[in-house]
Amino acid sequence: MGKQRMEKNLPEEIMEEIMYKLPVKSLLRFKCVSKSWNSIISDKDFIKHHLKKSITDDDDLSDMTNHKLIARFKHDQPPTFFRHVSCSLHRQPIIKSGFNENMVFSIMGSCNGLLLVTAGVNLPYLWNPTTKKYKKIDLPLGFYEEEVQLGHDDQVNIFSRPRRYDYAYGLGYDESNDDYKIVCNKVSPWNRNPNLSQMNHTLMYSSKANSWKKIENSPKSLCFPGKFVAGRLHWLCRMDGFDIICLNLTEEKYEIVGAPQSFTNNAEFKVVKLEELGGYLSLTIMSGGADVDVWVMTEYGKRESWSKVWTLSNFVSVPADRANGRPMRLLWRKNGDIAVAFGSEIVVYNGKNVVSRSPLDILVAKLRCYVYVESLVWPFASGDI
């Protein structure tokens with residue numbers, strides 16, 4: 001009775017404004033209240049607006065509710081299973097059941113609340129861990145063929161047995177066409193010379209068309225998951241310096257994003273990682289002395305905007321205590337705040353200052369983690385799971 005009275009007295013636009021402020025889990029329950037509520041919550045424009053608000057509401061890294069950290073860990077006792085821990089970036093973690101806990105799978109990318117995971121022998125899935133929807137993405141014809149088939153641009157049967165090749169996946173969103181896309185680049189592990197573009201074979205999956213197609217091969221070898229920023233997927237390549245290769249998901253063309261000028265042929269770098277930190281392109285460098293520097297491109301596309309935003313040795317002596325693992329960068333904000341998982345806590349820094357600390361129940365910094373935002377996004381029909 002109260003629900004009917006509220007629906008009658010409140011205009012729909014007011015109802016929407018109230019719903020925009022609610023968490024995803026509440027909205028999922030409210031879909032069952034009435035047909036009109038279900039219609040509002042299922043509307044694409046509502047979902048986009050709710051997603052945008054969820055991201056902007058978490059500008060304060062010391063008090064975030066919508067962003068979650070998902071990490072894979074292995075059970076100590078046999079049989080060996082891989083489970084996922086999901087936690088808020090400022091609260092205690094919650095163990096969530098994965099979509100198949102008996103299947104070994106890896107997280108390859110995160111975009112607008114969707115995770116790209118590969119299971120078994122590189123079988124891709126799209127998964128929304130908040131709504132618990134998932135979809136296996138059928139692989140193109142010929143994925144398991146013995147020999148590589150080349151020569152016809154309109155054919156997609158260019159994959160052979162996964163054990164013979166490495167696969168660099170990436171997940172991103174083509175806003176112009178409202179299309180979530182998966183890019184799969186295949187390279188032979190025996191031909192990793194970054195300049196041998198003829199050894200790369202690239203396909204793109206469109207959630208809108210629910211199909212794969214052959215696209216232009218990457219100009220360089222890509223061996224790691226792509227990072228999605230500003231409508232493009234990015235990969236780091238190293239050959240006489242550093243190149244960041246990006247693929248524009250709308251135009252389906254490759255571009256070069258300039259790394260910081262100081263990166264040119266620096267032999268002191270031991271490890272360099274390309275990352276996405278809260279919508280910004282980032283590079284993390286571990287030097288031979290075990291110090292860690294984090295750089296962020298504060299204005300996308302402007303090489304001069306690369307700035308060093310965090311250095312490990314400003315806070316702890318290096319090399320760091322191995323019991324705590326390596327620091328894991330999570331999110332960066334325009335005001336200079338950066339959230340870092342280190343040991344059994346998440347610390348928010350700004351410059352050389354510590355803004356806040358949040359304890360965790362697990363040693364997150366020793367695990368492979370991804371940050372995702374809770375969302376209602378699902379690019380397929382409601383029954384298509």
Side-chain angles (χ1 to χ4, degrees), residues 44 106-112 114-128 133-162 164-188 191 196-235 237 245-257 377-381 384-385:
K44 281 190 173 183
S106 300
I107 301 170
M108 294 291 169
S110 172
C111 179
N112 292 345
L114 295 178
L115 297 178
L116 172 65
V117 303
T118 57
V121 285
N122 290 298
L123 306 177
Y125 288 76
L126 274 182
W127 176 32
N128 185 322
K133 291 182 178 180
Y134 67 90
K135 177 181 172 66
K136 178 184 175 184
I137 307 301
D138 291 330
L139 297 166
L141 178 67
F143 192 93
Y144 293 107
E145 286 186 1
E146 278 290 344
E147 301 298 330
V148 180
Q149 303 295 319
L150 300 173
H152 298 284
D153 291 339
D154 58 342
Q155 292 183 352
V156 295
N157 56 336
I158 64 169
F159 289 96
S160 62
R161 293 190 184 278
R164 299 178 57 198
Y165 295 91
D166 288 334
Y167 299 85
Y169 281 100
L171 170 66
Y173 178 55
D174 175 0
E175 187 173 5
S176 297
N177 296 299
D178 191 24
D179 194 2
Y180 285 86
K181 294 180 175 180
I182 299 171
V183 173
C184 181
N185 185 74
K186 184 184 76 168
V187 60
S188 168
N191 294 281
L196 293 180
S197 61
Q198 68 271 22
M199 301 309 301
N200 302 327
H201 311 296
T202 308
L203 292 184
M204 177 182 285
Y205 171 83
S206 160
S207 63
K208 206 169 187 178
N210 191 27
S211 64
W212 294 87
K213 70 176 182 179
K214 177 87 169 64
I215 64 170
E216 177 187 354
N217 292 334
S218 165
K220 294 195 176 185
S221 176
L222 310 176
C223 299
F224 299 98
K227 306 301 179 183
F228 179 70
V229 175
R232 297 161 175 83
L233 280 167
H234 301 76
W235 294 267
C237 299
I245 304 292
C246 74
L247 175 63
N248 185 311
L249 293 183
T250 301
E251 300 176 3
E252 299 178 6
K253 298 292 185 183
Y254 294 95
E255 305 163 3
I256 300 290
V257 177
V377 170
W378 190 243
F380 307 100
D384 191 9
I385 60 175

Checklist entry - Would Asn248 and Tyr254 count as having a side-chain donor-acceptor pair, cut-off 3.5 Å? => result no

Checklist entry - So which heavy atom on Trp127 is nearest to which on Lys133, and how close? => result CD1-O, 3.3 Å

Item to check | Evaluation steps, side-chain contact (heavy atoms from CB on, under 4.5 Å), between Trp212 and Ile137 | outcome: CA-CA 10 Å; Trp212 294 87; Ile137 307 301; 3.9 Å; yes

Checklist outcome for this item: Those residues at least two apart in sequence (or on a different chain) that pass side chain to side chain donor-acceptor pair (under 3.5 Å) with Glu251 are none

Checklist entry - Can you tell me if Lys208 uses its side chain to pair, donor with acceptor, with the backbone of Asn177 under 3.5 Å? => result yes

Item to check | Shortest non-hydrogen separation from Glu255 to Arg232 and the atoms involved | outcome: OE1-NE, 3.1 Å

Item to check | Closest contact, heavy atoms only, Ser206 versus Asp179 | outcome: OG-OD2, 2.6 Å

Item to check | Partners passing side chain to side chain contact (heavy atoms under 4.5 Å, CB included) against Lys44 (at least two apart in sequence or in another chain) | outcome: Asp178

Checklist entry - Are Val183 and Leu203 close enough, and set up right, to give a side-chain contact (heavy atoms from CB on, under 4.5 Å), and what steps lead you there? => result CA-CA 6 Å; Val183 173; Leu203 292 184; over 6 Å; no

Item to check | Residues which pass ring pair (Phe, Tyr, Trp, His ring centres under 6.0 Å) with Tyr173, listed by chain and number, not counting sequence neighbours | outcome: Tyr180

Checklist outcome for this item: Tightest non-hydrogen contact, residues Ser218 and Ile245, listed as OG-CG2, 4.4 Å

Checklist outcome for this item: Residues passing the salt bridge (Lys or Arg N to Asp or Glu O under 4.0 Å) test with Asp174, sequence neighbours excluded, are Lys181

Next on the checklist: For Lys253, I'd like to know if atom NZ has over 12 heavy atoms of other residues, nucleotides or ligands within 6.0 Å.
Outcome noted: no

Checklist entry - Is the CD atom of Glu175 crowded by more than 12 outside heavy atoms at less than 6.0 Å? => result no

Checklist entry - Which residues pass the ring pair (Phe, Tyr, Trp, His ring centres under 6.0 Å) test with Phe228, sequence neighbours left out? => result none

Item to check | Minimum heavy-atom distance Pro379-Leu114, with the two atoms named | outcome: CD-CD1, 3.8 Å

Item to check | Qualifying residue for side chain to side chain contact (heavy atoms under 4.5 Å, CB included) with Leu126, from Leu171, Val117, Leu115 | outcome: Leu171

Checklist entry - What closest approach, in Å, do Pro124 and Leu116 show between heavy atoms, and which atom pair accounts for it? => result CB-CD1, 4.2 Å

Next on the checklist: I'd like to check the side chain to side chain donor-acceptor pair (under 3.5 Å) partners of Ser110; sequence neighbours left out, ordered by chain and number.
Outcome noted: none

Next on the checklist: Is it the case that the side chain of Trp235 and the backbone of Leu247 share a donor-acceptor pair, with hydrogens and angles ignored and the cut-off at 3.5 Å?
Outcome noted: no

Item to check | Residue pair Asn185, Tyr169: steps toward the side chain to side chain donor-acceptor pair (under 3.5 Å) verdict | outcome: CA-CA 6 Å; Asn185 185 74; Tyr169 281 100; over 6 Å; no

